[in-house]
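Read through the structure below, which is laid out as structure tokens, and then see the notes.
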Amino acid sequence: MKPTISTIGRFVDQEVTIGAWIANKRSSGKIAFLQLRDGTGFIQGVVVKSAVDESTFEQAKSLPQESALYVTGTVQADDRAPSGYEITVTGLKVLHKAKDYPITPKEHGTEFLMDHRHLWIRQPRQHAILTIRHEVIRATYEFFHQEGFTKVDPPILTGSSPEGTTNLFHTQYFDEDAYLSQSGQLYMEAAALAFNRVFSFGPTFRAEKSKTRRHLIEFWMIEPEMAFVEHEENLQIQEQYVTYIAESVLRNCPQALAALERDTSKLENIQAPFPRITYTDAVAWLQEQGFDVTWGDDFGSPEETAIAEHYSKPVFITHYPKAIKPFYMEPDPENDEVVLCADLIAPEGYGEVIGGSQRIADESLLEANLEKEGLSSEAYAWYLDLRRYGSVPHSGFGLGLERTIAWLSGTEHVRETIPFPRLLNRLYP
RNA sequence: UCCACAGUAGCUCAGUGGUAGAGCCCUCGGCUGUUAACCGAGUUGUCGCAGGUUCGAAUCCUGCCUGUGGAGCCA
């Protein structure tokens with residue numbers, strides 16, 4: 001492979017040529033420092049006036065920010081460099097001279113940066129976050145492959161709402177109404193009965209007018225579903241999975257974490273098993289803390305955050321009341337008022353990163369729940385079929401990719417964890 | 001949908017009733033180890049929009065628009 005900034009350490013004392021952009025530059029009368037980036041990393045090119053011809057030095061001094069060029073020079077190990085290496089430049093070939101690059105070295109506001117998201121992703125901080133995104137995705141495939149899961153892709157265009165509660169994006173499917181998927185779960189249940197252990201990874205859409213640092217209109221979800229797996233084992237797989245991606249990020253993204261100044265002790269803490277609290281105990285604890293909640297209420301964001309702050313690890317809140325959870329969740333055999341479900345709440349206020357449950361295996365119970373929700377059993381006929389032909393206990397969960405990345409990378413807002421976020425009033429670029 | 005805050009140069013902001021400002025960016029000059037480099041000079045305005053109060057409004061009032069943070073909803 002030809003040299004890149006990320007592999008430059010293999011070329012110490014050799015002359016290399018790399019394609020790069022000018023991230024920034026500083027110069028004095030007889031020396032110029034080019035902050036170079038090539039998409040794989042950042043390195044400083046040092047241009048010494050006495051060591052190159054006149055035109056090369058003048059060019060180096062006059063290159064505007066984000067100009068593109070081929071840089072030829074000798075790789076030097078240097079303790080003064082953040083990455084440990086520098087390039088002593090011997091020649092430059094300018095490919096494109098940029099003009100008035102909008103993102104200057106000073107501060108910018110959110111709206112301006114979001115309007116220039118196509119350029120913003122070049123900046124070190126954004127580059128680091130998206131590097132961690134890649135690692136989470138890579139580790140996800142690796143984990144589920146190792147654990148014997150098959151990746152199955154549910155459809156994105158659907159004819160009906162799986163849960164009927166959240167707002168869906170409406171579109172046309174020739175002469176029919178169609179909606180963009182808000183979850184592939186029901187299809188993944190079908191897949192689990194065909195492949196045993198399956199996972200999906202794809203975009204999902206919520207037409208909610210949410211305006212918080214935890215919400216995107218379009219976001220990516222990982223939805224595993226497992227046949228012959230009950231509530232307890234479901235939680236264990238979630239713990240192992242989350243532990244695995246945290247360890248992978250720690251091991252494989254040290255530079256990105258350093259660039260983000262992430263407190264890595266917080267990530268080292270993410271080790272299975274995770275603490276658990278039942279909904280009922282959580283309500284009692286919240287009441288002690290002075291929260292105005294009664295049994296049967298769903299928790300709001302402040303309640304979730306308070307519970308999460310009580311632990312140094314992510315925490316499972318289990319056994320929610322049946323009435324505030326979707327129709328497909330299996331009732332607890334020991335208490336018919338609650339279901340075998342769990343939400344995983346991340347520490348540091350990042351909120352719910354996983355929602356999961358054991359699914360109802362009994363056809364008549366599922367049919368009764370559909371009716372209670374006012375959902376037509378015709379639209380769900382195929383879903384009921386799964387309870388007619390070899391129904392088994394099965395469980396699954398959904399992990400929100402962007403919230404997980406925000407948490408692991410220590411990013412305040414999920415909009416920076418996806419290359420081109422879709423937010424309320426934000427469809428450009 | 002609701003609550004709070006904000007909108008002044010390309011960008012980030014100061015200016016709270018009396019002549020429109022600074023830094024960055026850009027241009028020119030200086031500087032051999034800079035790290036958001038630094039020093040000097042120069043260019044840059046529909047003060048979000050509409051109406052009102054006032055001798056006089058970027059500044060006070062009303063409405064609207066846009067953005068940011070949060071709530072609800074959820075991952």
Side-chain angles (χ1 to χ4, degrees), chain A residues 23-35 42-51 57 60-62 64-66 76 78-83 86 88 98-116 119-120 123-125 163 165-168 182-185 202-223 238 297-305 324-326 343-346 349-356 397-407 412-415 417-418 423-426:
Chain A
N24 197 7
K25 68 168 196 295
R26 289 173 278 277
S27 68
S28 65
K30 291 174 183 169
I31 190 166
F33 302 97
L34 307 177
Q35 308 305 322
F42 293 81
I43 196 168
Q44 178 162 269
V46 183
V47 189
V48 178
K49 189 178 185 183
S50 58
F57 188 73
K61 281 188 69 167
S62 71
Q65 198 185 353
E66 286 304 315
Q76 317 255 297
D78 193 312
D79 291 340
R80 287 172 291 190
S83 71
E86 284 186 345
T88 301
K99 190 172 187 299
D100 297 335
Y101 186 68
I103 303 178
T104 64
K106 290 279 176 171
E107 291 169 0
H108 298 283
T110 303
E111 187 187 7
F112 179 80
L113 289 169
M114 290 301 298
D115 281 340
H116 296 85
L119 305 176
W120 190 21
Q123 305 300 306
R125 184 182 162 77
E163 298 180 28
T165 50
T166 29
N167 296 324
L168 302 178
Q182 59 146 14
S183 166
Q185 182 206 310
T204 187
F205 307 88
R206 304 274 166 95
E208 288 282 343
K209 303 217 165 179
S210 300
K211 286 181 58 165
T212 80
R213 65 192 187 92
R214 299 180 306 278
H215 288 88
L216 292 165
I217 303 300
E218 176 184 303
F219 65 98
W220 288 64
M221 210 158 44
I222 290 133
E223 294 185 283
Q238 293 173 41
D297 294 343
D298 206 353
F299 297 149
S301 184
E303 287 83 10
E304 270 185 9
T305 302
I324 56 171
K325 286 293 177 181
D343 288 350
L344 185 68
I345 313 297
Y350 288 100
E352 182 184 343
V353 292
I354 289 181
F397 62 96
L399 174 136
L401 179 69
E402 286 77 15
R403 283 190 187 173
T404 303
I405 295 163
W407 166 37
E412 184 70 15
H413 199 300
V414 290
R415 67 184 161 218
T417 66
I418 186 166
L423 300 158
L424 200 58
N425 305 322
R426 167 67 60 185

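All values derive from a computational prediction rather than experimental measurement.
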Any N or O donor-acceptor pair linking the side chain of A:Ser210 to the base of B:C74 at under 3.5 Å?
-> no
Mark yes or no for a side-chain to base donor-acceptor pair under 3.5 Å between A:Gln44 and B:U34, with no hydrogen or angle criteria applied.
-> yes
Given B:G72, is OP1 or OP2 found less than 4.0 Å from the side-chain N or O atoms of A:His215?
-> no
Report each atom pair, protein N/O against N/O of nucleotides 43-46 of chain B, whose distance is under 3.5 angstrom.
none

Starting at CZ of A:Phe42 and ending at P of B:A36, how long is that distance when rounded to a whole Å?
-> 14 Å
For A:Pro302 and for A:Glu402, locate the closest nucleotide of RNA chain B by heavy-atom distance; then report the residue assigned to the nucleotide nearer the 5' terminus.
-> A:Pro302
Could you tell me how the ring of A:Phe112 sits relative to the ring of A:His116: parallel (under 30°), tilted (30 to 60°) or perpendicular (over 60°)?
-> tilted
Heavy atoms under 4.0 Å is the rule here; annotate nucleotides 27-32 of chain B 5' to 3' with B where the base is hit, S where only the sugar-phosphate is, and - elsewhere.
-> ----BB
Can you give one letter per nucleotide of nucleotides 2-11 of chain B, going 5' to 3': B for a protein heavy atom under 4.0 Å from the base, S for sugar-phosphate only, - for none?
-> ---------S
For A:Ile354, answer base if it contacts any base atom (sugar-phosphate contacts may also be present), sugar-phosphate if it contacts only those atoms, and nothing otherwise; contact means non-hydrogen atoms under 4.0 Å.
-> sugar-phosphate
Table please: side-chain donor-acceptor pairs of residues 26-34 of chain A below 3.5 Å, with sequence neighbours left out.
residue	atom	partner	partner atom	Å
A:Ser28	OG	A:Ile31	O	3.4

Are any of A:Arg213's side-chain N or O atoms less than 4.0 Å away from OP1 or OP2 of B:A75?
-> no
What nucleotide, of B:U66, B:C74, B:U34, holds the atom closest to the side chain of A:Glu304?
-> B:C74
Hey, mind stepping through A:Gln44 and A:Gln35 against side chain to side chain donor-acceptor pair (under 3.5 Å) and telling me if it holds?
-> CA-CA 5 Å; A:Gln44 178 162 269; A:Gln35 308 305 322; 2.6 Å; yes
Set of salt bridge (charged side-chain N to carboxylate O under 4.0 Å, His left out) partners for A:Asp297, sequence neighbours left out | none
List for me each residue that meets side chain to side chain contact (heavy atoms under 4.5 Å, CB included) alongside A:Pro124, sequence neighbours excluded, and say none if there are none.
-> A:Phe42
Taking a pair as Watson-Crick or G-U wobble with both distances under 3.5 Å, which nucleotide is matched to B:G69?
-> B:C3
